[in-house]
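Right, one structure below, let's go through it.
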Amino acid sequence: MQRPPAPHRRPLAGALAALVAAGVLALPTAPAAADPATVRDSGNGPDRNEIAAGSEALTGAGPRALAAPGGPPPAVGVDPDDAYPRQSELPLHPEDPDDHSVKLGLAPYHDIAPTLNDLQDASDRVSAEIVGTSVGGRDLYLVTVTEPETRGEARQQQRMRELIADDPARAARDRTLAERYKTPVFVNANIHGNEWEGTDASLRTIEELATAEDEETAELLAGARLYFVVTANPDGRVAGRRANAAGFDLNRDFVTASQPETVAVRQVMQDTQPLVMLDQHGYVNGTLIEPGTPPHGQNYEYDLYIKHTYANALNMEEAIGALGYTPEDDGVEAPQIPFRDWEDGWDDWPPIFTPMYAPYHGAVASATIEFPMRVNNADYDRLDEEELRRRSAINTDISAATIEATLDYVQDHAEELVGDQIEVFRRGAAGEEQVVPPEEWVPGFGPEDVWTTDFPRAYVIPAGEEQRSATAAARLVDFLVANDVRVERADRAFTAGDRAYPAGSYVVDMHQPKRGMANVLLEDGRDISDDIGAMYDISGWSHGLLWGADVEAVQEEVDVSAEPVATASPTGSVAEAGDGGWELRLDDGAEVGALNELLASGTDVVWNGSGGVVVPAGADTAGLADRYGVRFRAAESAGPGAAVVSGPPTVAVAGAADEVFTLDEMGFDLRPVSTSVLNAGFDWSGVDVLYVASGLVYADLGAEARADLDAFLADGGVVARGVAGARFNEQAGLLEATRRSARSDANGVVRVSAGDGVLGGTGGHAFVYGPGWFTDLGDGVAVEQSYADESPLVAGHWRPDRDGAGGQSDAAGQASVVSGVAERGTAVVLFGTEPLFRNHPKGLFGQVAQAVYWSASADLG
């Protein structure tokens, strides 16, 4: 039986209980008691702190990636001027009998290219292109289905697309544009590698559209371009794992773009500018169809988004019902639409998810689909092949039904969709306030669904000595441009607000079509703890506060001559050497990469005791400054007795995949370890520091492994993060410090102040996810950083647990990072914050690097 389309907010606990029972969500396991409503998707919560990444997270990206424009190398993208079809013979990949798709009766990765080649041969409606390469070296395919177009027709479509994005006011005045413009629809499949069936449903849909001879299909393809990324995570598809080959959940990476797969999908979205976007996932029974619950992203033009996304959700629900699957006969429950059926817990607040990122590029209908029948994780191994294939076939049918229903919706509402995308961009360019629609704008819309923001008039990113980190500023500017945000560089000095800025400073005028994209990256965000009971994932992410650059919001128009920016100005510089040579700060990962390359070349440096090193005159600073974009300033002599740093530290790392990836990116020599690796026998020779954050439990080590580790701890250093790191510190008898914990789902951007210890430049802001703080500090334990004295949270969601403990007030003023030398001689730094989380808070990477250098040589203090 289908649920009625009228609003029906069912109790949250029931919805979440269904997901927990289905295995798609897991209750948190942090020591602090947690609300029953506090849940997380697999891959984000407890397992991140319990399972150490192996060597697969070492991608060899190298430290230069930290200074690269926009993150990883640019994706291929879509040539806007080519005619359709764009057909070429896709290269074939070797057959892999171990591909996890085979057992499910689904398309193994090695069959996708030949299938697409055959479809291109059979139909001039189908074009297949390679738009990127996965971490594991597999091709990422974009398939376009549309009627053939000449090069001139393709250029005409591109001119209309550009007009909509660049001059939406003029586009709105063109009364024939919506009729002539081919509506772009984007289907993204298999971004979680072990949620397979969206790929097979996409291939089925492509084949049907390629060969159909009915008039309706001809009309659809005459008026639309349909884009399919058939598998956004081929490495995960083959391996049967959620993450990509580097261990990243790609559906959490869209405003970090640390992974090449994310960059490719991001570029496809920008190049195609979809009106409608579907992201195919699993597994929730009954099928979950967005739109989500409050809080809704405050930078969307939400009135336009919800109008189409909810209407299309009802269409998809009806299409799934028409398949005839029932709970009694097939185990398939009726679909659920969180906006209608839930109070909270499946929100569209953070822009990290594919469908929550797409609206910033004009998608006025964008949704996650979670088909119902679980076939991954334990079920993959537990169930027999016949049952797995039965379930996969149902999922494929349901996924295909959602695509077909969406295409019907697009065909019926094409001109309205085009007009509303134009309106999104027009409001941004005009600097208009967001529109708050009346109650019942769609069934169930009420005050709880109103989430808006006040956009500043502009943002300024200072240049020159006004900028605390020129390297970070340039990276941020390049990232903005990579996300299609308009940035300008001032030709002369100017004043905005009460501050003077030098020539070369960057200006982001917020009267621009994609102002929502600009604001979601640069704003501080807000504390929503009191507004909502449960969040699905992170609630704060500010690039302005976490990426290491100074960013100023300005409430008035910036009156200065400025030129559009395609890439940031070079930032590397070398001053005339001082008596001691040069100073290199270690606030940024690029600076750390430069130092590690210098150390690897055989050059020793001297620790300056304040977050940097003194580099001797004669070192190749010019080459390093150019490669990494870092500044070498004149330095006085470090003085007698200053500690020497010789060679890059070698780090044994028991951390999550994002931590291994980021440490590798900064150029540290890493040796991944875990409890099992140490128990199997591990050679500690040459290791300087042990990093502990996940997958290493001291008490679970065998006698021999523990003895070997204890021998290392007499000389080596330890850097530890989170619950696992604090547990290791306690069990190994290192620092006298007690970790107190918040709810494991508490997260966001926090205010912190620097202490008087060995880490330099650690004040300002930090990121937390399951925050921790340290009390009962023993003699010799120094406070490196503390949470702000009042209301530490700037942006995010941090509530006390059911007993009223673990809230922001308990953490206020408490130590967030501590250091000290243990009685046995181990130099230890303990983090209660998340400085490497998902490779995102780039302005915090230097804190971990400083901790590693100091703990490798305890006399650096």
Side-chain angles (χ1 to χ4, degrees), residues 74-92 112-133 139-167 171 174 176-188 202-203 205-230 264-277 361-363 403 407 410-411 414-415 417-418 421 484:
V76 175
V78 181
D79 185 341
D81 293 330
D82 265 3
Y84 282 102
R86 307 172 179 188
Q87 295 182 331
S88 61
E89 189 78 9
L90 299 175
L92 305 184
I112 295 175
T115 298
L116 295 177
N117 285 336
D118 289 345
L119 287 170
Q120 290 183 103
D121 290 341
S123 174
D124 61 3
R125 297 170 172 174
V126 178
S127 303
E129 306 170 70
I130 296 172
V131 290
T133 306
D139 295 327
L140 302 172
Y141 306 115
L142 174 69
V143 178
T144 307
V145 185
T146 192
E147 71 170 5
E149 298 173 15
T150 65
R151 190 171 181 83
E153 289 169 334
R155 285 178 175 173
Q156 184 182 44
Q157 290 296 317
Q158 176 64 8
R159 283 194 293 270
M160 286 188 282
R161 191 198 73 81
E162 290 173 348
L163 183 65
I164 291 169
D166 297 339
D167 193 352
D174 186 338
T176 67
L177 184 148
E179 298 175 7
R180 295 179 289 121
Y181 186 52
K182 297 179 77 170
T183 53
V185 179
F186 176 39
V187 178
N188 194 53
S202 295
L203 292 172
T205 303
I206 293 165
E207 182 175 7
E208 290 174 351
L209 294 172
T211 57
E213 298 181 357
D214 60 285
E215 183 177 345
E216 184 178 5
T217 299
E219 290 178 356
L220 170 68
L221 300 183
R225 285 183 183 168
L226 314 179
Y227 301 100
F228 298 83
V229 171
V230 293
V265 174
R266 178 183 72 181
Q267 194 62 50
V268 168
M269 274 197 265
Q270 290 181 39
D271 292 344
T272 63
Q273 202 169 291
L275 299 168
V276 178
M277 189 267 167
H361 293 295
I403 298 171
L407 298 183
V410 169
Q411 200 161 8
E415 292 188 24
L417 288 162
V418 174
Q421 185 180 77
D484 207 24

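These numbers come from the heavy atoms of this one structure, side chains and all, not from hydrogens, waters or symmetry mates. The structure presented is a predicted model; accordingly, all values stated were derived computationally and were not measured.
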Approximate separation, where rounding is to 0.5 Å, of Glu415 CD and Arg180 CZ | 11.5 Å

Going from CD on Glu149 to CG on Asp82, what distance comes out if it is rounded to the nearest 0.5 angstrom?
-> 11.0 Å

Set of residues satisfying side-chain contact (heavy atoms from CB on, under 4.5 Å) with respect to Glu89, sequence neighbours excluded | Asn117

Salt-bridge test for Arg151 and Asp81: reply yes if a basic N is under 4.0 Å from a carboxylate O, no otherwise.
-> no

Is the NZ or CZ atom of Arg86 both under 6.0 Å from the centre of the six-membered ring of Tyr84 and within 45° of that ring's axis?
-> yes

Pairing of Arg161 and Asp271 as salt bridge, 4.0 angstrom limit | no

How about Glu153 and Gln157: does a side-chain donor come under 3.5 Å of a side-chain acceptor?
-> no

With rounding to the nearest 0.5 Å, note down the distance linking CG in Leu221 to CD in Gln411.
-> 8.5 Å

Say you draw a straight line from OG1 of Thr183 to CD of Gln421; how long is it, rounded to the nearest 0.5 Å?
-> 10.5 Å

Taking the side chain as every heavy atom from C-beta outward, state whether Leu90 and Leu92 have any atom pair closer than 4.5 Å.
-> no

What are the two closest heavy atoms between Ala264 and Gly132, and how far apart are they?
-> CB-CA, 4.3 Å

Verify the neighbour count for atom CD of Glu162: are there more than 12 heavy atoms of other residues, nucleotides or ligands below 6.0 Å?
-> yes

CG (Leu142) and OG (Ser127) are apart, to the nearest 0.5 Å, by 9.0 Å

Straight-line distance of Phe228 CZ to Leu116 CG, nearest 0.5 Å = 11.0 Å

When you check the side-chain N and O atoms of Asp214 and Thr217, is any donor under 3.5 Å from an acceptor?
-> yes

Determine the sole option in Leu407, Leu119, Val126 for which the side chain to side chain contact (heavy atoms under 4.5 Å, CB included) test with Leu209 is passed.
-> Leu407

Heavy-atom distance under 4.5 Å between the side chains of Pro91 and Ile130, does that happen here?
-> yes

Under a 4.5 Å cut-off applied to non-hydrogen side-chain atoms, are Val265 and Phe186 in contact?
-> yes

Side chain to side chain contact (heavy atoms under 4.5 Å, CB included) partner of Leu226, chosen from Val187, Val185, Ile403 | Val185

Given side chains that start at C-beta, do those of Val131 and Tyr141 come closer than 4.5 Å, heavy atoms only?
-> no

